[in-house]
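What's counted below: heavy atoms across the whole structure, side chains too, no hydrogens, waters or symmetry copies. Just so it is clear: chains get the letters A, B, ... in the order the sequence lines come, proteins before strands, and each one is counted from 1.
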Amino acid sequence: MPSEIPKAYEPQKYEDDIYAAWEQSGLFNPDTLPGERKEYFSIVLPPPNVTGTLHLGHAAILAIEDLMVRFARLRGKKTLWLPGTDHAAIATSTKVEGLLQKEEGKNRHDIGREAFVKRVEAFAAASHDTIVRQVRKMGASVDWSREAYTFDAVRNRAVNLVFKQMYDDGLIYRGFRVVNWDPIGQTVISDDEIIYKETTAMLVTFTYDQDFPIPISTTRPETKVGDTAVAVHPDDARYAAYVGKTFEATFCGVKLSIKVVADEAVDPAFGTGAVGVTPAHSLIDAEIAQRHELPSRQVIDTDGRMTSDAGELAGLTTLDARAKATDWLRAHGLIQKKEDVAQNLSTAQRSGGAIEPLPMRQWFIGVNRPFAFKASTHAPIKGIKDGQQVTLKEAMQYVVRTGQVKIVPERFDKTYFHWIDHLRDWNISRQIWFGHRVPVWYCKACGPEHGNVEACRQSIVSAVPVVECPACKGPVEQDPDTLDTWFSSGLWTFSTLLNKDVQTDDLRAWLAQSPDFQTFHPTSVLETGYDIIFFWVARMILMTTYAIGEIPFETVYLHGLVRDEQGRKMSKSLGNGIDPVDMIAKYGADATRLALVLGSTPGNDMKLSEEKVAGFRNFTNKLWNISRFVFSAFSRQPSAVSKEPEAKTLADRWILSRFARVQDQVTKHLEQFEYSSAGETLRDFTWGDFADWYLEIAKIQKQNPTLAVSTEANLLFILSRLLVLWHPFMPFVTEEIWKHVHASPPAKGGTSGEAGQRGPRFLMVAAWPEAVNRVDEEAERDFAKVQEAIVDIRNLRAANKVAPTETVGVKLTDAVVAEQASIVHALARARAKDATGQNSVATANVVVYLPAVDAGKERARLAKELDALRAYVTATQAKLANAEFVSKAPVQVVDSMRAKFAEAQVKRQELEKQLNALV
RNA sequence: GGGCGGCUAGCUCAGUUGGUUAGAGCGUCACAUUGACAUUGUGAAGGUCAGAGGUUCGAAUCCUCUGCCGCCCACCA
C-alpha cells in the first residue's frame, strides 16, 4: 500500500532478497525465459581469478555486462551470460607459494608436486566462494547453472584436444631457444608477461684482453664469459678490416674464441659501435648468432648463478659475478669508460623476478606457420575457405580487418594489429605445477630422453592419458610442464558451451552435440578492460578461429581502467583502492553501478570517488520518491492504472513528447554501446523534466476534476516505462518499485485486495517499450516558453521587482487551452515569496496571451546564419561557374567544392523553411 | 625509437558525421522549502574548448606544427 512506502530507499533492505528471487525464478537461465525468443544474445564473463576478491575492475565489468545483458533480455532476446572463474596458473601458484613460505617457511619443492597442487586447489576452492558471492552482490544476472572453471574436467579435455590438433597441424612444436626465464618463479614466461622497469645501469666499455682489437660496451660484464662473437655494422669502416677474423682472448679465466661478424642489427652510433655477442643470454644476440652460425655457450643457470663454464665467476650469482668481472677488468686495466645509462629492466609480471634470458627446450605455438584452415559448418568465417593455407597471424588479422570482429572503440584496432605485427612464437609451457599439464608423454624405457630407439623419437602427444609406449609397450611419463593459463582462457567462448555429457575425442563432433554451442556461439560481445587485449582478446581470436573455424565474438567492447582520484591505478599496496564491496554496503549496488557506467566512455580511463557513488545514491532515492509520490498522491483508480496516456494540457503534450524522444534516444544509445550517454539522457529526463516539472504540474492538474484521471494515467505510463528503461542500469531499485506499479490499489474499506497482476511479475522480463511517434515539437517549443516565463516570474518576484498583482505575460501558440493559464499561475504562486519573507498569498496575475514578440530573437539568429550561407552560395556559385578557375583546380578540389556547395544549398533551404514558419 | 590517447567551468567528465548563446554532475554563493524527496528545490557566478597556423560563409569538432600529461609497444648491447 502506498502509505507503507518508506521515505528513503534503503538498498540494504531489499537487494539480497531481490537477487535471491531473481535467481530462484530461473530467469537468468535462457532456457527458462518466458516467451518466444528468436534472436540470441550471449556473453561470457571474463573469469575473475579464483584467488581474487572483487575489485573495481570486476565491478566495472559486472556493471557494464549486466547492463548489456538485461537490455538484451528486456528486448526479448534469448540471453545467456555465462559466469566462470580462472585458475590463473601463475598468479594462483605464486600466491600459494607466498603463503607457504610465510606460514611454514617452505617452498613448493619442499612439499612436492602432488601436495602442492592439492594445497593450491584447496585455496582456490575457498576463495572461489568469496568472489562468487561478490558477483551476486553486484546484481549480475549470470546463469549460475552454467558456471565454468578454466581448470575443470571439461575445459581440460578441450585444452588437450586443441593442443593435439595444433600439434598435428605442426603449429605446436618443441624448440630449444633463448626464452624468458624467471629465476624467482622458476619458470619461463611469455613476452607479454614481462614488465619493464626503469633503472639505471653501469655501462662499461672495455676489451676482453690486452690483445683484443675492438672495445665493446655492456651493462652485464658477467655474461661476457659466454661471448662467441663481436658484431659490428656492415658499413662501419672502423672495424671493416676485422670482419670475418677470429680472435682468441682470455676473460676472467675463460678462453674465448671471438669471431668478428657484420650485422645490420648493430647501431654504429651506440657505444663503440661494436657488440659482444652472447648467444645464450640475449634474444637479440641469439638471432645474430643464428644468422652467422655462431656457437653458443651457457654461463648462467636456472638459479641465476654462473655455471662451471664461467671460469673465475663460476658459482657466483649474476650480481656478484658482475662486480667481480668489473673488478677483474679494472685490475687488468681493460676498462676504457664507465657511465650510467637508463635501462629498462625486464621483470616477471607475477613474481617480480629479473628476467634471465636462457636457452631452454620449451613448447611453442608457431604463429607464422601455415596450416590448412578447417572451416566451421555452424558459423563459418566469411572469406577463408575450407582447406585454405593460412597462418595464425593471418587469421587473426583477417577477422578484424574484415569487420567480422568489431572492436569498440575502433582505435584499438591499431593496437591490435601492431601487436600482431610484432608477435613472435608463443611460448606456452611453464615450469609451475598448477595448471593444465602438457598432454605429452615420453617413453621412459626407450624415448628420446633415455635412449634412441627410432620408433620412440617422437613425443607421444595425446588428448587422453597415455599409459604405455605405443612402440615398445614400456612405461611412459608425462611432460612435467604445464600450459600458459591463457591457453585455456583462449578457448573460453566455446569451451564453456561444451556439453559435459558427450564423450568424444573429436572437438568438432563434440561441438555439434552441444546445444549451447549451437545456440550461443559466436558470442555477441566480449567486454573487458583494454589492458588484457593482448593476453586474452587476441588469444581468443587466435585459438577460436584456428580450433573451430569461427570468430569467438562479434564485438569487443573495451572499457577503461578505473583509477583513483589522483589517476593512479587502484592497488592494495597503495591502499588507495575504493572497495566496491564497501560501496555496495554503504550506497547500494545500484548507485555503485551507476557511478561506474555514467561519465565513462569506452577505452578511456575513469576516476572514481566515493562522492560520485554517493551522488548516484541520491538519484536512486530520487527515483524512489518519484514513485512514492505517484503511488500515494492519487487515488489509483483502476481506470487510471489501465488507461493509455492522454495529452489534455500543454504540459501533458510536452512530457509525453519528451518521453517519446528520450525513449528513442536511450534505445539508440544502448544499441550503439553508448552507455554513459544513455544513462545521462535518462537521468536528465527523470530528474529534470519528469520530477522537477511534470510532477509539480501534476499536483495542480490533479485538483482539476477533468484532468485528475488523465494526469495519473500519464504519470503511471511514464513511470512504468522509465522503470524498464532504467532497469539495466539499476536493477534492484527498479525491480522493487515495480512491485508497487503492479500492486492493486487498496480496496474500499481499507483492506488490500488480491494483487491484481498486470504484466510480468518481474521487471527484468518486462517488455522494452516500443518506439512511439509522439514527438510534438510545437508543444516542446511552447512549454519551453512557459518554463522560461515561470523562471522569470520567480526571479522577479524574488527580487521583489514585480508587485504581487502584476501581470506577466507569456505567449503560446493557438493550441493553448484554458488550463494552461491556471498552471502557470499556480506555479508562480507556489514559488514566489514577497520581500517580507511571507508566502505571497496574493496571486500574481500570470496571464497567457498571444503577442508575437518572442519569435524575434530566434528569427534574428536564423536570419544571420542564413545571410552568411547565402553569401557563400552566391560566391561559390560564381567560382564554380568560372571555367578558368575550374580548369586550373585539381579535380578533387572542384568535387569537394561541389559537395560542400550542395550541402550548403540544402542547409539554406532548411533554414529558409524554418524562418518562414516563424514569420 | 615507434604508436595511441588526453588537454573543455575550481574538480570529474560529456560533447555522435563542422551549424543557434559549448553542456552535465560535484563543489561554491544566494534564495526557498510543513505535503514525494534536505539523499530536496530555484537561481547565480565560473570557459579566449592547451598554444600557433591552416581549410571553411562558419571549427571544441577537419588538417599541420608545438607544448605538457598518460598509456602501449620496441629494447642501444
Side-chain angles (χ1 to χ4, degrees), chain A residues 2 5 7-9 191 196 203 216-220 223 231 265-267 269-272 274-278 282-285 288 341-344 346 409 411-412 414-415 418-419 421-422 530-531 533-534 560-561 563 565 567 587 591 598-601 603-609 611-612 614-633 668-669 672 674 676-677 680 683-684 688 691-692 695-696 699 790-791 794-795 798-799 830-833 837 839 857-858 860-862 864-865 867-876 896 900 903-904 907 911:
Chain A
I5 302 176
K7 257 184 129 170
Y9 173 64
D191 297 339
Y196 295 103
L203 184 72
I216 57 167
S217 302
T218 184
T219 53
R220 300 199 58 185
T223 63
V266 180
D267 176 3
F270 185 86
T272 62
V275 184
V277 180
T278 323
S282 155
L283 209 66
I284 299 292
D285 290 6
I288 295 175
V341 290
Q343 196 190 33
N344 273 329
S346 305
R411 69 182 139 89
F412 281 95
K414 273 189 188 166
T415 316
H418 185 255
W419 179 77
D421 289 344
H422 288 89
Y530 66 77
D531 54 333
I533 182 166
F534 306 139
L561 306 183
R563 314 198 104 98
E565 283 145 281
Y587 304 106
L598 272 74
S600 85
T601 43
N604 292 330
D605 292 352
M606 62 170 306
K607 294 175 191 172
L608 189 78
S609 59
E611 287 72 33
K612 192 173 175 188
F616 284 108
R617 184 271 320 266
N618 295 355
F619 180 70
T620 59
N621 188 58
K622 186 76 185 181
L623 186 65
W624 180 261
N625 274 292
I626 288 169
S627 315
R628 195 165 157 253
F629 169 75
V630 172
F631 297 144
S632 61
K668 286 206 174 102
H669 281 313
Q672 289 160 19
E674 294 160 358
S676 183
S677 301
E680 280 171 19
R683 184 199 48 198
D684 293 347
D692 291 340
L695 253 56
E696 294 302 324
K699 288 175 187 170
I790 290 171
V791 168
R794 283 178 196 156
N795 289 343
R831 294 296 177 193
K833 217 182 200 184
N839 252 332
K857 252 198 228 167
E858 196 176 354
R861 265 201 304 273
L862 286 174
K864 202 173 146 197
E865 197 177 326
D867 279 350
L869 264 178
R870 278 181 182 141
Y872 165 71
V873 167
T874 315
T876 312
S896 86
K900 269 190 170 173
E903 205 181 297
K907 185 79 193 171
L911 285 179

Any idea which of [options] is nearest the [X] side chain?
| X | options | answer |
| --- | --- | --- |
| A:Leu695 | B:A74, B:A36, B:A77 | B:A36 |
| A:Val266 | B:A77, B:C73, B:G5 | B:A77 |
| A:Asn618 | B:G5, B:U39, B:G41 | B:U39 |
| A:Asn621 | B:A77, B:U42, B:C37 | B:C37 |
| A:Thr218 | B:G5, B:A77, B:U39 | B:A77 |
| A:Arg683 | B:G41, B:U12, B:G25 | B:G25 |
| A:Asn625 | B:C13, B:C75, B:A36 | B:A36 |
| A:Tyr530 | B:A24, B:C71, B:C37 | B:C71 |
| A:Lys622 | B:A36, B:G5, B:A74 | B:A36 |

Now, which nucleotide makes the Watson-Crick or G-U wobble pair with [N], with each of the two distances under 3.5 Å?
| N | result |
| --- | --- |
| B:U40 | B:A32 |
| B:C75 | none |
| B:G18 | none |
| B:G67 | B:C7 |
| B:U56 | none |
| B:C13 | B:G23 |
| B:U48 | none |

For the [atom1] atoms, the ones on [N] and on [M], what distance do you get once it is rounded to whole angstrom?
| N | M | atom1 | value |
| --- | --- | --- | --- |
| B:A60 | B:C49 | P | 7 Å |
| B:A22 | B:C63 | P | 23 Å |
| B:A45 | B:A50 | P | 23 Å |
| B:U61 | B:U8 | C1' | 12 Å |
| B:G27 | B:C13 | C1' | 14 Å |
| B:G6 | B:U16 | P | 12 Å |
| B:C73 | B:G10 | C1' | 37 Å |
| B:G53 | B:A44 | C1' | 38 Å |

Let me know the distance between [atom1] of [X] and [atom2] of [N], rounded to the nearest Å.
| X | N | atom1 | atom2 | result |
| --- | --- | --- | --- | --- |
| A:Leu561 | B:C71 | CG | C1' | 9 Å |
| A:Glu696 | B:G35 | CD | C1' | 11 Å |
| A:Arg870 | B:U56 | CZ | C1' | 20 Å |
| A:Phe534 | B:C4 | CZ | P | 13 Å |
| A:His418 | B:G3 | NE2 | P | 8 Å |
| A:Glu611 | B:C13 | CD | C1' | 15 Å |
| A:Arg411 | B:C72 | CZ | P | 14 Å |
| A:Ile5 | B:G35 | CD1 | P | 16 Å |

Could you grab the distance from atom [atom1] of [X] to atom [atom2] of [Y], nearest 0.5 Å is fine?
| X | Y | atom1 | atom2 | value |
| --- | --- | --- | --- | --- |
| A:Tyr9 | A:Leu623 | OH | CG | 10.0 Å |
| A:Gln343 | A:Leu203 | CD | CG | 9.0 Å |
| A:Phe616 | A:Leu598 | CZ | CG | 4.5 Å |
| A:Leu608 | A:Ser600 | CG | OG | 9.5 Å |
| A:Gln672 | A:Lys668 | CD | NZ | 8.0 Å |
| A:Ile533 | A:Tyr530 | CD1 | OH | 11.0 Å |

Heavy-atom nearest nucleotide on RNA chain B for A:Val275 versus A:Arg617: which residue maps closer to 5'? A:Arg617
For a quick test of reading the model: is some side-chain N or O of [X] closer than 4.0 Å to OP1 or OP2 of [N]?
| X | N | value |
| --- | --- | --- |
| A:Tyr196 | B:C75 | yes |
| A:Lys607 | B:C13 | yes |
| A:Lys699 | B:A36 | yes |

Sorted by chain and residue number, the salt bridge (charged side-chain N to carboxylate O under 4.0 Å, His left out) partners of A:Arg220 (sequence neighbours excluded) come out as A:Glu222, A:Glu356
Residues two or more places apart in sequence or in another chain: which of them pass salt bridge (charged side-chain N to carboxylate O under 4.0 Å, His left out) with A:Lys699? A:Glu696
Between A:Lys7 and A:Arg628, is any pair of side-chain heavy atoms under 4.5 Å apart? yes
Does a distance-only test, which skips hydrogens and angles, find a donor-acceptor pair under 3.5 Å between the side chain of A:Asn344 and the base of B:C75? yes
Within the structure shown, what part of the strands sits under 4.0 Å from [X] by heavy-atom distance: base, sugar-phosphate, or nothing?
| X | answer |
| --- | --- |
| A:Lys414 | sugar-phosphate |
| A:Ala231 | nothing |
| A:Asp285 | nothing |
| A:Ala871 | nothing |
| A:Thr219 | sugar-phosphate |

Could you go over nucleotides 14-17 of chain B and give all protein N or O partners under 3.5 Å, atom names and distances?
| from | atom 1 | to | atom 2 | distance (Å) |
| --- | --- | --- | --- | --- |
| B:A14 | OP1 | A:Thr601 | OG1 | 2.6 |
| B:U16 | O2 | A:Glu674 | OE1 | 3.4 |
| B:U16 | O2 | A:Glu674 | OE2 | 3.2 |

